[in-house]
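Have a look at the structure below before the remarks.
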Amino acid sequence: MKERGQVLTLDMFLALSLTALVLGYSGVVMEQVHTRAQEEVSRYSLERVAGDAAEALVKTGGLPENWEDRPSTLQVLGLVEEPNVLSPRKLVYLRELCRSENWNSSGPEVQAVRRLFGGQNFEVRILSRSLLVRASAAGLNYTLNTSLQGVGVYVRLENLGSTLRARVRLQKENTVKEQTMQGKTFSMVVSLPPLTVEVVSDGKTVGVWCEGVIWKLWPGWDLGGTSGEENSVEVAVARRSLVLPAGEVRNAVENRRHRARPEPYTLTFLVRPGELDLFDWYVVLFPSDPNKPATEVWVNRPKDNKFDYHFPWNTLFPMRYHGKDYPKVPLTEADNGGNPNNYLTLKVTGSPGDSVDVGVVAVPRCSSPELARQAWNLLPAILEVRVWR
Amino acid sequence: MRERGFVFSLDACLATVVMMIAVAGVAHLETGGTPGHGYLKLERCAQDALSAMNGTGVTKHVIDSLNNLQYSEAARAARENLLLLLPPGVSFRYTVGTEDNLLVEVYRDNSDNWRGRWENAAERALAVHLTCEFIRTVESLDVLIWADDPQDEWFASQVIKPGWTYRMTGSENTFVGYLEGKIEPNWYPDVIFLPDVSVYWSENTLRRVVDYIMFKLIVDGRERGGGVVVGGDTLWSNRRDPMISTYGEFLLMLGISPNPFDQDPGIERVRWPENSSYRMELVDLTHYLTTGLPFQDVPYQGDDYYQYVYKTSWLLDPWLRTLGEWENWENESLTWPGLLVREVVNLGIFGFMERTALFNVRMAQSSSDNRFDHVETQGWVTLAQRALEWVSRQKAELQPIVLYVWRERR
């Protein structure tokens, strides 16, 4: 028998091959695992930053609690009056802080905001959400044609027998977004800023939700354009439900009605120093009848022959919108020792059976005027935090 | 002998298997990834939804609807708002009340095998909220009172609180007319108070009362009903064969055993020995009726007025609570139930039994007795007021609101 050296045996060859294979594969796998782990940790940390920032924003008023009175004292950012009830005032002051000219990285208040978002890029949005329709799939035949936040919305839902078909069309000026989906179970999202329509079918029911952006802010939002998150490969989003007081009612009077000798009524209200340009200011009327009683309003002046506003022309009057004054005598934010520094003069005429409620409302600057009318209500809303590298 | 190579040996095979397991493990590690924090998101989602429902007044609306017995309205409001507040991919189950006594139960879609779906969910979370809104003063309770003698009328007048409306009658036709909405269509009782019925009611009147407790009365095309507070002679005066009359059902409603083999099914009438001054002792101070009261003993003129010894029904035992007891002077080792309350019983397709409270004494007669002072009377009046509030469900115990949320496994 011819005896070859032990190193050249088939066994040895196979063992070496196997070992090399295993080592090689392990190396590749370990590298993949390492990369994957890094990605996961990075992703997880980003999501955690977004989630924890959203938690702090919707559960606390910040530190100090009244930081909006002196924003330079801000240590920890918070946006609510009480858990899950948004403070429009805090939001307004955060928006002010994020203006390009105020976003100074060396400022302690800016550092406090950056700390909350882990030093990452961020965008905060407040969205309204509504359920447009939820219907059974059986015999489904539904059409919606309306306008929401300046966007034309057309929704058509049909049961075609074996499948369901949903069609959504959004139109704003010359831009049109349209999508059709067919099947038993599906989910479809159509978006045309500031509106997003989502259709979800689980085979038995079809629901159509609509989301609209009410406010959004990021460092330098006033420069226009977008926050830049669309250019990032990794964006973490955290969404939290909360309650939204759409605006602040600065003062209101109920049941004003015509008396035998109508004396003008004076409704005083306060505009704190520095607030004039942070909010839009409205007079809101709630008459008992669509056309009655006739109501005349003068701003910061007594009754004369030329009123500033008159109902039944309208029920929502801007006193200052987008920094522009509308009444003859503009609003003032002059310090009056904490006492009211502005007033309305009201004159109501008509049948004593008709009455009108009048309120002065402040909503964050450049908001939709419709929010002013809803300032007395608490609306369900969503706070969305977007964080990216 | 031919020697095979090492590669074909058992050791080599085992080594290869171990190696393959190790490689598979590493490969699995590679594909597995790290778990996300979906649970945290879901939990926050559920807590936010309940907080937002509180903030927008939806929870209060749900509770008010339940207090007004508008169950479908409560379910509608809860479902529509949860659909709005929770993301589309999240399934939910929303309940008000304890699991053995759910006042409302709402799902995103259907309720088929919800527990199985919950247990097999990819991610799940729970949010709990206590309904402090249930504890509020009842300002406008509507009470229908049966009073067939001056003592009943006097006692009822003491029990009625400011702001409550009541209709008092000792006529069967009028009594039934109120229940059927024929006398005042716009007035309907939240609760019936029978302090001491001394009249042998017709079968029809008994049936109306039982239907009221079971929500079978049709008024304005709707099933209407409510709770009943019973005391005094009511059961004794109306005793009859429980097998052939509504009386058996009436006894059961109050938690009493309608044993047809007893001469007086479920009831025995006793009077205390002369010159004794026995009192009912409140033995369960954790119930709405008895909690926080400044007294624990309630005196009774038992040597002048009867009291009744009831045999409770084992069938309804899980829903019954004995809040007050009497010392049994015939057999000291046993006590007699004095104040018996029954919680709501949901019988599914067989119906619904609203709350009842049963006093075993003629408290109206004893309370108006001139040997009683004001303080002693007040004990019975307070208990009767609380009983009316409790059976009306306008003022109830804290009820938990629980929101289960989960994502289905794909």
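None of the values given here were measured: they were computed from a predicted structure. Here is the naming used below: chain letters follow the sequence lines, and residue numbers restart at 1 for every chain.
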Exercise for review: Enter the distance from A:Arg134:CZ to B:Arg108:CZ here, rounded to the nearest 0.5 Å.
Suggested key: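 Taking CZ in A:Arg134 and CZ in B:Arg108, the distance rounds to 7.0 Å.
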Review point. Donor-acceptor pair, A:Ser241 side chain versus B:Leu85 backbone, under 3.5 Å?
Key: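 A pair under 3.5 Å: yes.
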**Study point:** B:Leu83 backbone acceptor or donor facing A:Trp209 side chain under 3.5 Å
**Key:**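 Looks like yes, one N/O pair under 3.5 Å.
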Review point. Does atom CD of A:Glu234 have more than 12 heavy-atom neighbours, drawn from other residues, nucleotides or ligands, at distances under 6.0 Å?
Key: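 Correct, the count exceeds 12.
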Quick one: closest heavy-atom pair of [X] and [Y], and the distance?
X        : Y        : value
B:Leu86  : A:Arg129 : O-NH2, 3.9 Å
B:Leu84  : A:Pro380 : CD2-CG, 3.8 Å
A:Leu378 : B:Thr56  : O-CG2, 3.6 Å

Structural part of [X] lying under 4.5 Å from a heavy atom of chain B:
X        : result
A:Leu244 : neither
A:Glu198 : side chain
A:Val200 : side chain

Point to revise | A:Thr180: partners by side chain to side chain donor-acceptor pair (under 3.5 Å), with sequence neighbours left out | key: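 A:Thr180 satisfies side chain to side chain donor-acceptor pair (under 3.5 Å) with no other residue.
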Check your understanding: Are A:Lys59 and B:Arg44 side-chain neighbours, meaning at least one heavy-atom pair lies under 4.5 Å?
Key -> no
